[in-house]
Colleague: 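Let me begin by handing over the structure; questions about it come next.
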Amino acid sequence: MKLVVAIIKPFKLDEVRQALTAIGVHGMTVTEVKGYGRQKGHTEIYRGAEYVVNFLPKLRIEIAVASDIADKAVGVITASARTGQIGDGKIFVTPIEHALRIRTGETDSDAL
Amino acid sequence: MAGLLRRVATMAAPIGCVSLMASPARAAATGIDTADTAWMIVATALVLMMTIPGLALFYSGMVRKKNVLATMAQSLAAVTLISILWVAFGYSLCFVGDGPWIGSLDRWFLAGMTMDSVNPAAKTIPEALFMLYQMTFAIITVALVAGSVADRMRFSAYLLFSVAWFIFVYIPLAHWVWGGGFLSSMGVLDFAGGLVVHLSAGTGGLVAAKVMGRRHGYGTENLSPFDLSLAVMGTGLLWVGWFGFNGGSAAAANSRAVMAIIATHLAACSGALTWGAIEWYARRKPSVLGMISGAVAGLGTITPASGFVAPWHGIVIGIAAGAICYWACTWLKHRFNYDDSLDVFGVHGIGGLTGTLLAGVFATSAIGGTAGLLEGHPQQLLIQLYGVAVTFVWSAGVSFVLLKLVGLFVPLRVSREQELEGLDITQHGEALQ
């Protein structure tokens, strides 16, 4: 099992969700987050006063998938979240040691 | 207290019957014009709309989220507080009696005001309506000042300062310029409040910003606006309300009112275009805040001139407003290192000053009966300059003294912790989620 964490531009959420649903990913957790990568935020100017905004609004998507479809999931997220502009985001994949569905008590791949 | 109430009741009693003590001339019933009255009722409503919701939205959209309600509360408080004080003595001291320095208390709590009494300044509408219309000017002037000290003034100190400022700055100025005082006798032109409203509020705000000091984090932290869409909506309401502000200052439903409204609209448009264009050139992007600032600057600047100039002069005055107020907000403020939070001095003070002087340049005798510099009457410009100097010195000096006096009773500023937490929760116990 793998945990795929993707940081994406907020307006790309619908496309990413549809792409993941199409490959059989049925659940996801989405969180509104703020952060920056190499683009280092942007500058806003109000009546001559300049403010550097370092933390830009992003969405953090978490999906838990079976190991054999993790690469596919990463692929569709990459394809659907890309604009080609700076700030498209990042994807991180980590192993999951154990999973459990609270309602039924099922574990590991049955719980996904 | 009971004695005071009895006295008030006794003095208010003549409303609705003939009064012999009225200082303003008692008109024959036929002197009141229904068309003028209808228009002035509408204009009064428009100007009241300028403070809430207009100014409340304009200002609160530009502060941070934690201070939105507190900023709106200041506009709301100005409406409620100044309305009562205006009826109690403000109107009488401003517009009744013709002393050079101050009016009289003959109309305190509207004593002696009847159904058909009129004020000499507006002979075709009921005096009660004239009183109400002028009330809305006093309200927005007091509310304007708060923008300079947004994000840091204690609410109790704001209330005390507003009352004192209304009594000692607004009332005398309104009487001097509009109520038959010495500036009006000299021929100072101020159609709808370039001196009385904008320069006086801007100067009061500037002094308050200086006395109270800069916001914590000014120049180092992100103090960017909470929601500029609110400020845009506020600007729209101010803009439309200004038709009543300047058009209503003709005190009649006539061609002069229409001319004033056209000049007003054109000045707002050219002010917005100018500010936006300068930003586009200097910063490579025309900001929304810049365009609405330019619109308000154009509106404030045309105000004193609006009933004295030809409509197309509004375009020229708006361009001057956009350029000069932009300079005041981006260069002057930093040069003199004051934190005028919402640029009340930069937009309203400098705008009122500029427009008052330009009224002396562009005044057209065919519109307002007075010739300006361009019509071969350069003295008018000097008279305007004198009016500007008196207003600036009076508002600055008295505001400074009042702030120091209020500071003896209540700290003017919230504590550092309260400022960081936000005025909404610390002053009012409420917050936006």
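In what follows, chains carry the letters A, B, and so on, assigned in the order in which the sequence lines appear, proteins first and then strands, with residues in each chain numbered from 1.
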Colleague: Should we count NE2 of H26(A) as having more than 12 external heavy atoms under 6.0 Å?
Modeller: no
Colleague: Counting only heavy atoms closer than 4.5 Å, note whether W275(B) contacts chain A via side chain, backbone, both or neither.
Modeller: side chain
Colleague: So with a 6.0 Å cut-off around OH of Y338(B), is the heavy-atom count from everything else above 12?
Modeller: yes
Colleague: Most heavy-atom pairs under 4.5 angstrom with chain A, which of C329(B), S287(B), S224(B)?
Modeller: S224(B)
Colleague: Side chain, backbone, both or neither: which part of L228(B) has an atom under 4.5 Å from a heavy atom of chain A?
Modeller: side chain
Colleague: Can you tell me if CZ on F11(A) sees more than 12 non-hydrogen neighbours from other groups inside 6.0 Å?
Modeller: yes
Colleague: How about CZ on R60(A), more than 12 heavy atoms from neighbouring residues, nucleotides or ligands closer than 6.0 Å, or not?
Modeller: no
Colleague: Based on non-hydrogen pairs under 4.5 Å, which of E50(A), E44(A), R47(A) is most in contact with chain B?
Modeller: R47(A)
Colleague: Does atom CZ of R101(A) have more than 12 heavy-atom neighbours from other groups under 6.0 Å away?
Modeller: yes
Colleague: Give, for atom CG of N222(B) and atom OH of Y51(A), the distance between the pair rounded to the nearest 0.5 Å.
Modeller: 7.0 Å
Colleague: Flag the one option from T220(B), T330(B), L223(B) with the top tally of heavy-atom pairs under 4.5 Å to chain A.
Modeller: L223(B)
